[in-house]
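Here it is, the structure in full.
Every value quoted in this text rests on a predicted model; they were computed, and no experiment measured them. Proteins get letters first, then strands, A, B, ... in listed order; numbering begins at 1 in each.
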Protein chains: 10
Amino acid sequence: MNKAEVTEMILAKKKQTGITWASMAEAIGMSEVFTTSACLGMNSMPRDKADKLATHLGLPQEAGPVLAEFPTKMFEQSIPTDPCIYRLYEIVGVYGQTLKELIQEKGGDGIMSAIDFEMYVEKIPDPKGDRIEIKMSGKFLPYKNW
Amino acid sequence: MNKAEVTEMILAKKKQTGITWASMAEAIGMSEVFTTSACLGMNSMPRDKADKLATHLGLPQEAGPVLAEFPTKMFEQSIPTDPCIYRLYEIVGVYGQTLKELIQEKGGDGIMSAIDFEMYVEKIPDPKGDRIEIKMSGKFLPYKNW
Amino acid sequence: MNKAEVTEMILAKKKQTGITWASMAEAIGMSEVFTTSACLGMNSMPRDKADKLATHLGLPQEAGPVLAEFPTKMFEQSIPTDPCIYRLYEIVGVYGQTLKELIQEKGGDGIMSAIDFEMYVEKIPDPKGDRIEIKMSGKFLPYKNW
Amino acid sequence: MNKAEVTEMILAKKKQTGITWASMAEAIGMSEVFTTSACLGMNSMPRDKADKLATHLGLPQEAGPVLAEFPTKMFEQSIPTDPCIYRLYEIVGVYGQTLKELIQEKGGDGIMSAIDFEMYVEKIPDPKGDRIEIKMSGKFLPYKNW
Amino acid sequence: MNKAEVTEMILAKKKQTGITWASMAEAIGMSEVFTTSACLGMNSMPRDKADKLATHLGLPQEAGPVLAEFPTKMFEQSIPTDPCIYRLYEIVGVYGQTLKELIQEKGGDGIMSAIDFEMYVEKIPDPKGDRIEIKMSGKFLPYKNW
Amino acid sequence: MNKAEVTEMILAKKKQTGITWASMAEAIGMSEVFTTSACLGMNSMPRDKADKLATHLGLPQEAGPVLAEFPTKMFEQSIPTDPCIYRLYEIVGVYGQTLKELIQEKGGDGIMSAIDFEMYVEKIPDPKGDRIEIKMSGKFLPYKNW
Amino acid sequence: MNKAEVTEMILAKKKQTGITWASMAEAIGMSEVFTTSACLGMNSMPRDKADKLATHLGLPQEAGPVLAEFPTKMFEQSIPTDPCIYRLYEIVGVYGQTLKELIQEKGGDGIMSAIDFEMYVEKIPDPKGDRIEIKMSGKFLPYKNW
Amino acid sequence: MNKAEVTEMILAKKKQTGITWASMAEAIGMSEVFTTSACLGMNSMPRDKADKLATHLGLPQEAGPVLAEFPTKMFEQSIPTDPCIYRLYEIVGVYGQTLKELIQEKGGDGIMSAIDFEMYVEKIPDPKGDRIEIKMSGKFLPYKNW
Amino acid sequence: MNKAEVTEMILAKKKQTGITWASMAEAIGMSEVFTTSACLGMNSMPRDKADKLATHLGLPQEAGPVLAEFPTKMFEQSIPTDPCIYRLYEIVGVYGQTLKELIQEKGGDGIMSAIDFEMYVEKIPDPKGDRIEIKMSGKFLPYKNW
Amino acid sequence: MNKAEVTEMILAKKKQTGITWASMAEAIGMSEVFTTSACLGMNSMPRDKADKLATHLGLPQEAGPVLAEFPTKMFEQSIPTDPCIYRLYEIVGVYGQTLKELIQEKGGDGIMSAIDFEMYVEKIPDPKGDRIEIKMSGKFLPYKNW
């Protein structure tokens with residue numbers, strides 16, 4: 001059993017039972033974004049969380065250790081085609097240099113870590129049309145010199 | 001005079017005078033991210049803001065209309081090399097499918113707009129190492145069917 | 001059962017029975033373009049339309065929910081090879097900048113949405129050779145500034 | 001003097017005088033899309049139209065023949081980055097196979113020509129948000145067999 | 001049964017029986033190039049020719065309609081590796097601009113159609129080494145202006 | 001003075017004087033295709049032809065040796081964007097495997113040379129629309145085994 | 001049975017029996033390079049050599065005709081990753097222009113054929129470290145002009 | 001003065017004086033291939049050879065040290081377009097795996113060095129058409145294990 | 001049985017038994033990096049080490065010779081997506097030119113071999129956060145001139 | 001004055017005076033690798049070090065602040081062509097997965113930082129041929145979960 005097979009099992013359960021990512025996240029006490037990304041094979045859950053999720057969804061027992069394995073993260077294409085994901089890529093293209101300028105104006109020469117990192121996503125009702133809010137928080141890492 | 005030339009002038013003034021993006025944004029009453037992105041040629045400022053900024057920085061008078069022109073947004077490379085910008089690209093690669101799942105779980109089949117969109121960036125002091133926080137808000141657009 | 005399998009079933013039925021996209025669209029009261037694109041896995045039908053189509057074509061019952069699932073849109077290649085599709089790509093290449101100029105001359109800095117969007121295609125008889133007419137209508141989205 | 005230089009001259013005049021593509025098209029009795037695309041160097045105007053436009057805009061006399069020269073059409077990138085042009089590219093990606101199905105259902109094995117082709121673009125006021133309408137008409141060319 | 005499967009069947013018959021493309025073309029009264037390209041899945045035969053070929057080769061009856069289906073033409077790679085096909089690609093690279101100059105010198109701004117198109121190939125005995133002759137004939141399509 | 005500069009001179013003369021490729025070819029007793037390709041820097045003329053052409057067009061004397069230099073053939077892009085040249089590329093994509101089958105059916109395992117090669121192009125009047133005819137003749141080279 | 005399957009059979013025999021490429025080449029009286037490349041599916045053997053090899057290795061009888069089929073040569077990637085093959089690619093990159101200069105200094109405008117071509121490889125003992133020697137011989141083909 | 005400028009000077013001298021690569025190589029007592037590649041900026045000559053060549057060609061005195069500088073080797077494109085260089089690339093594509101098999105059959109797991117490497121090229125007269133011979137010799141490097 | 005199958009077996013054993021790369025390396029008396037890379041199919045083990053490892057892990061007997069086979073090294077993508085591997089790629093991008101300058105300042109025009117090469121990796125405890133140390137040692141190969 | 005111009009100045013001084021990277025590094029009390037990479041525009045020096053280096057080399061006074069500016073790191077090509085740099089790239093390709101396995105076996109799911117990172121390079125004399133040693137040390141960053 002590997003990560004791709006566990007992802008497939010979870011997606012099948014999800015379609016069958018109508019269970020949401022939000023409720024899975026709640027059941028194991030982790031955030032929605034992290035839970036979803038681990039179920040999609042892009043992160044490794046702590047073993048106890050992984051076992052809890054496997055039990056919660058009625059997956060075979062071996063699924064737990066697999067969810068806890070360290071993934072090799074592979075993204076399918078350098079330029080995503082799905083419109084929902086492309087818009088995020090476009091934001092990096094249009095605002096990447098801007099974010100670099102502002103991060104470095106605030107913190108000096110360095111980066112925002114994508115490893116020591118967390119992210120949240122919410123839908124905010126709005127009379128002019130609902131909005132999606134994404135919040136990211138990453139550790140600032142200054143370039144070391146030596 | 002074109003957008004690239006105005007960007008160059010602004011960057012030169014910035015190096016000379018030490019003025020920050022934050023203070024430019026404050027001087028014209030717009031957000032840091034939008035102000036920076038317009039100065040880098042990736043967005044068009046309303047004409048009055050553009051003129052105000054030109055005056056504030058002591059740029060030639062023609063710079064105002066140029067800052068108000070509609071840009072053709074070009075990003076240099078499909079995969080960014082600068083480590084600060086690459087980390088953002090990596091986030092889209094690692095978490096893109098996750099965000100799509102959660103946006104669509106919350107709002108149905110649709111996307112977060114990158115056009116009717118705003119973004120903020122802050123440095124948050126933290127004893128274990130300062131953090132960068134980025135907040136995005138984009139209109140949710142459901143796919144139309146017809 | 002996934003979207004690719006349902007597409008395959010529909011294409012098989014279509015070859016067997018000679019049913020057209022036009023008649024499928026009529027049977028469920030949706031447009032030809034949208035109906036075809038949803039059958040090819042590029043859009044999600046509302047559940048009731050999806051079930052109606054499944055019944056109309058004599059597909060297994062599970063096909064309905066699958067047609068209603070939100071797709072991850074993947075296009076095979078950045079430059080299409082089929083001559084019929086390439087011509088459309090070429091139009092974007094040759095006239096893309098022109099359309100941008102005219103859309104923005106008419107509406108200001110902004111875009112035509114490809115999400116809040118509809119499209120129709122007709123063949124128009126013409127003594128000098130029949131013509132194909134394509135009509136697109138997309139919401140104009142002005143760039144927000146903040 | 002080459003096509004790129006004439007394009008630059010026209011864009012400079014346009015910025016200086018505020019003249020629109022619409023009025024240039026009207027002055028020479030051609031469509032907006034074709035006029036704009038020829039000014040951007042992507043099509044060749046008939047010589048008399050070209051001379052009329054040069055006079056109308058006060059360009060040097062040599063500009064006429066240059067506008068009438070046959071261009072080598074080069075598009076900058078296989079995947080456009082400007083969001084306004086990208087949306088058009090995305091439409092081809094998402095709906096290309098659909099258009100092929102429908103064009104060929106209506107006309108048999110063949111294509112819509114991008115050469116014997118015309119296109120119009122309008123902004124349509126709409127209380128729920130204005131819309132952009134694009135109409136294309138291309139000759140249907142059946143594949144010859146021999 | 002799909003086009004790829006029919007191609008495979010024809011190639012298998014060809015290896016078994018030693019029948020040539022030339023004799024298949026003769027048997028159905030079509031040209032060698034068109035017959036071969038349709039057997040390889042790159043063109044659609046008229047239904048009666050397709051049925052005749054299926055019978056001639058002793059293929060199952062369903063092969064006829066499949067040969068008559070409209071193909072989605074996909075070429076494997078942008079730059080072909082097989083030396084025999086690469087040489088053709090090289091000719092387009094080395095002589096493409098030349099052909100454009102001469103086609104447009106003779107016919108005005110326009111193209112040679114690859115749809116309303118036919119092609120023949122022969123081996124011509126020559127004491128200094130045999131030669132291959134390829135003849136192409138495509139309709140001249142002038143760019144429309146409007 | 002290099003090949004690119006001589007090409008530019010010839011194109012300028014051509015625009016000024018209206019001289020055609022056909023008449024240049026006739027003046028030096030070579031074919032249109034070869035003459036044009038050498039003027040565009042893709043082939044080397046024999047020295048006497050090169051000098052004759054330089055004199056005929058009134059180019060500076062050094063242009064002769066430059067036209068006789070051996071070029072390094074570079075084509076701008078792997079997939080051509082100009083529609084006139086793209087159609088040729090498409091023909092190779094759609095019919096490449098077909099031509100390979102037929103060339104090798106007629107001559108055994110081998111290729112048509114693109115070096116020991118000649119090509120002609122004509123416009124053929126036709127009441128249903130004029131046609132372009134291209135004829136290629138290349139030496140057949142069998143693969144050596146050893 | 002196709003060329004890939006025969007290659008697999010030969011490689012399996014080779015692993016089982018420890019037979020070398022050198023001895024296979026000797027058994028059929030052909031060169032090592034050609035024999036190996038034909039076994040790997042990149043060349044076609046004369047039918048009698050192919051049958052002899054099939055018998056020599058104890059392959060099924062159909063393997064002979066398959067080894068004699070004309071291959072479609074496909075190389076996996078434009079830039080090879082295996083270090084042993086990459087070094088050869090690097091030699092072409094570093095010395096390609098040099099070889100062109102020298103070939104054309106010696107023979108005039110033309111190329112070394114890769115079709116009418118043979119190649120040998122040897123290991124030469126050397127006290128400072130053994131060396132590999134590769135010898136290529138290809139027919140010189142002058143560019144034809146016409 | 002940099003390597004590209006020195007290359008340009010040498011090529012200009014060569015055109016002016018008709019001096020050959022062969023005679024330059026002889027004048028400084030090095031091989032043709034190495035001399036040419038160093039003049040084209042792909043290798044560094046020993047300082048004394050470099051000075052001798054500069055004197056021999058009547059280049060300015062600074063050219064010597066520049067020819068002796070260590071180059072950063074950049075090749076223009078991953079797939080060469082010039083037919084003379086492409087044929088070499090094709091040989092690597094078609095025979096790369098074959099050479100790897102034979103090199104490793106003779107020497108064990110390892111490679112032929114492209115650094116501790118030499119190469120010669122000759123034209124060999126032949127009544128059936130002259131031939132080009134290329135000989136390469138590179139040190140065999142076994143993979144170290146540790 | 002091929003290298004990919006043996007890799008799969010080893011990874012399965014590793015998951016089942018919890019055995020580490022470090023202990024495998026120790027059991028056969030080779031370094032961790034080399035052992036791991038050979039198990040992943042990127043290097044060939046000496047036959048005795050390979051057999052010892054197969055026995056140690058309880059793999060079928062044929063696994064030994066397979067581990068000793070010479071691999072064809074293929075890396076999946078030119079730009080790695082996994083963040084852990086990307087960071088290494090980024091180091092080459094950011095510091096590649098720097099390393100070249102320093103290697104050649106110290107050793108003259110040449111390279112560090114990746115074949116006659118060894119590498120070690122350690123985790124070093126550090127109160128400010130543990131560190132990873134990688135040490136590489138490769139033979140210096142000076143460019144030969146001839 | 002920008003970073004590229006300062007790099008050019010430093011390289012010119014270096015050629016003129018023969019000063020080494022090693023002595024520059026020593027003069028300002030920083031490591032060779034960091035000093036070189038900052039001089040090549042890939043890192044930012046602390047302001048005092050930058051000024052010291054500018055004085056040490058006799059550069060104009062504005063060079064100091066430029067060396068202290070935060071760079072946008074751009075690497076020229078995704079696959080490096082220079083053999084010295086390519087070998088490093090190859091090491092990442094061949095050993096990347098191996099390093100990931102070992103880093104994560106030692107530290108859990110995480111990466112070695114390329115930001116909080118230092119590197120040293122030395123030439124080690126060796127009777128069997130000198131060796132290059134590279135040592136890297138980067139902070140281990142565990143993936144956060146939340």
Side-chain angles (χ1 to χ4, degrees), chain A residues 3 25 28-38 41-50 53 67-74 78 96-120 135-146, chain J residues 3 25 28-38 42-50 53 67-74 78 96-121 135-146:
Chain A
K3 281 183 124 55
I28 62 170
M30 299 191 87
S31 71
E32 287 175 346
V33 171
F34 190 84
T35 304
T36 307
S37 75
M42 280 294 193
N43 270 310
S44 62
M45 284 189 174
R47 182 62 191 272
D48 59 326
K49 301 293 187 179
L53 185 65
L67 284 165
E69 266 173 42
F70 307 159
T72 292
K73 298 170 188 191
M74 308 194 71
S78 66
Q97 193 67 30
T98 289
L99 289 171
K100 175 176 152 62
E101 285 288 338
L102 291 172
I103 289 169
Q104 297 185 346
E105 176 166 310
K106 291 169 197 294
D109 203 2
I111 66 159
M112 177 183 79
S113 178
I115 305 297
D116 187 337
F117 173 81
E118 56 193 346
M119 180 162 49
Y120 301 89
K135 290 190 201 172
M136 300 173 178
S137 164
K139 191 171 187 175
F140 178 75
L141 296 179
Y143 281 106
K144 181 169 191 172
N145 57 58
W146 71 96
Chain J
K3 281 183 125 56
I28 62 171
M30 301 190 85
S31 70
E32 287 176 346
V33 172
F34 190 83
T35 304
T36 308
S37 75
M42 280 295 194
N43 269 311
S44 63
M45 284 188 173
R47 182 62 191 272
D48 59 327
K49 301 292 190 181
L53 184 66
L67 282 166
E69 266 174 42
F70 306 159
T72 293
K73 298 172 187 189
M74 308 194 71
S78 64
Q97 193 67 29
T98 290
L99 289 170
K100 175 175 153 60
E101 285 288 339
L102 291 172
I103 289 170
Q104 298 185 345
E105 176 165 309
K106 292 169 194 293
D109 203 1
I111 67 162
M112 178 185 77
S113 179
I115 305 295
D116 187 336
F117 173 81
E118 56 192 348
M119 178 160 51
Y120 301 89
V121 55
K135 291 189 202 173
M136 303 174 177
S137 163
K139 191 172 187 175
F140 178 74
L141 296 179
Y143 281 106
K144 181 170 192 174
N145 56 56
W146 72 96

Quiz item: CD1 of J/Ile115 to NZ of A/Lys139: how many Å apart, nearest 0.5 Å?
Solution: 13.5 Å

Practice problem: Check whether A/Pro142 gets within reach of chain J through its side chain, its backbone, both or neither, counting any heavy atom under 4.5 Å. | Solution: backbone

Quiz item: If we only count heavy atoms from C-beta on, is the J/Asn145 to A/Met30 side-chain gap below 4.5 Å?
Solution: yes

Quiz item: Side chain, backbone, both or neither: which part of A/Ser113 has a heavy atom under 4.5 Å from chain J?
Solution: side chain

Self-check item: Over 12 foreign heavy atoms within 6.0 Å of NZ, A/Lys135
Solution: no

Quiz item: Of all residues at least two apart in sequence or in a different chain, which pass the ring-ring contact (aromatic ring centres under 6.0 Å, His included) check with A/Phe34?
Solution: J/Trp146

Self-check item: chain J contacts, top residue of A/Thr35, A/Thr72, A/Val33 (heavy-atom pairs, under 4.5 Å)
Solution: A/Thr72

Quiz item: How long is the gap from NZ on A/Lys100 to NZ on J/Lys73, to the nearest 0.5 Å?
Solution: 7.5 Å

Quiz item: Do any of residues 105-112 of chain A come closer than 4.5 Å to chain J, heavy atom to heavy atom, and if so which ones, in number order?
Solution: A/Gly108, A/Asp109, A/Ile111

Practice problem: Under 4.5 Å heavy-atom distance to chain J, tell me which part of A/Met119 shows up: side chain, backbone, both or neither. | Solution: both

